[in-house]
Every structure is written in structure tokens, then in C-alpha cells.
**Q** 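Starting off with a structure, shown below.
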Amino acid sequence: MEEFSKISVQELAKRDMLMIIKALEYTGENTKIPSFVELKNDIVKELSRLANATEEEFIEYLQK
């Protein structure tokens, strides 16, 4: 198996990315483990920056 330090989300469907974000949010809220919510926030922040959009606009885009 090849080793890699980064994973590209280029081929990931919008629906799948939204599911990952929602799963991290749900898990963080229900387990009270802040790392899940922090990871979700970091992902949304970075992807919205790359999309040149606000975090709210990016989430709305994924939901369409």
C-alpha cells in the first residue's frame, strides 16, 4: 500500500461531504467529545475558504 500524508476531496461528491460534516457534528454533540466538532469546523472553514465563500454559503451549496 502506498503511503500518503494528505487526502484529496476533489472526487468526493457534495452529498458525501455534507454527510461527513453532519456526522461529525452529530457525533460531537451526542458524545460531548469536542474533537469531532472541531474537526467539522476545520473542514468547513478550509473548504469554504477554497470555494471563496462564507461557511454558511458553503453549507447551503452542499445542501442543494
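Start at 1 with the first residue, then count along the sequence. Reckoned from all heavy atoms, side chains included, excluding hydrogens, waters and symmetry mates. Because the structure is predicted, anything quoted here is derived from the model rather than measured.
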**Q** For a 4.5 angstrom cut-off between non-hydrogen side-chain atoms, does T27 reach I33?
**A** no

**Q** Within the structure provided, determine whether I59 and E56 are in side-chain contact (heavy-atom separation under 4.5 Å).
**A**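 With C-beta onward as the side chain, the pair stays apart.
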
**Q** For the atom pair OH (Y61) and OG1 (T54), what is the distance rounded to the nearest 0.5 Å?
**A** 14.0 Å

**Q** For T31 and F36, work out which heavy atoms get closest and say how close.
**A**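 Distance-wise, the nearest heavy atoms are OG1-CD1, 4.0 Å.
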
**Q** Are the side chain of E46 and the backbone N or O of I43 linked by a donor-acceptor pair below 3.5 Å?
**A**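 Between the backbone of I43 and the side chain of E46 there is no qualifying donor-acceptor contact (under 3.5 Å).
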
**Q** Quick check: do L47 and E55 have side-chain heavy atoms less than 4.5 Å from each other?
**A** no

**Q** Return the minimal non-hydrogen interatomic distance between G28 and V37, and the atom names on each side.
**A**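 Nearest pair, atom of G28 first, then V37: CA-CG2, 3.8 Å.
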
**Q** Near N30 CG, under 6.0 Å, is it more than 12 heavy atoms from other residues, nucleotides or ligands?
**A**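 Yes - once you tally the heavy atoms of other residues, nucleotides and ligands closer than 6.0 Å, there are more than 12.
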
**Q** With rounding to the nearest 0.5 Å, note down the distance linking CE in M17 to CZ in F58.
**A**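 If I round to the nearest 0.5 Å, the distance is 6.5 Å.
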
**Q** Heavy-atom distance under 4.5 Å between the side chains of L12 and I20, does that happen here?
**A**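 Counting from C-beta outward, L12 and I20 do come under 4.5 Å.
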
**Q** Pick from I21, L62, L39: which one makes a side chain to side chain contact (heavy atoms under 4.5 Å, CB included) with V44?
**A** I21

**Q** How far apart are the closest heavy atoms of K40 and E25, and which atoms are they?
**A**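 The pair with the smallest heavy-atom distance is NZ-OE2, 3.8 Å.
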
**Q** Does atom NZ of K45 have more than 12 heavy-atom neighbours from other groups under 6.0 Å away?
**A**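 Counting neighbours around NZ of K45, 12 or fewer heavy atoms of other residues, nucleotides or ligands fall under 6.0 Å, so no.
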
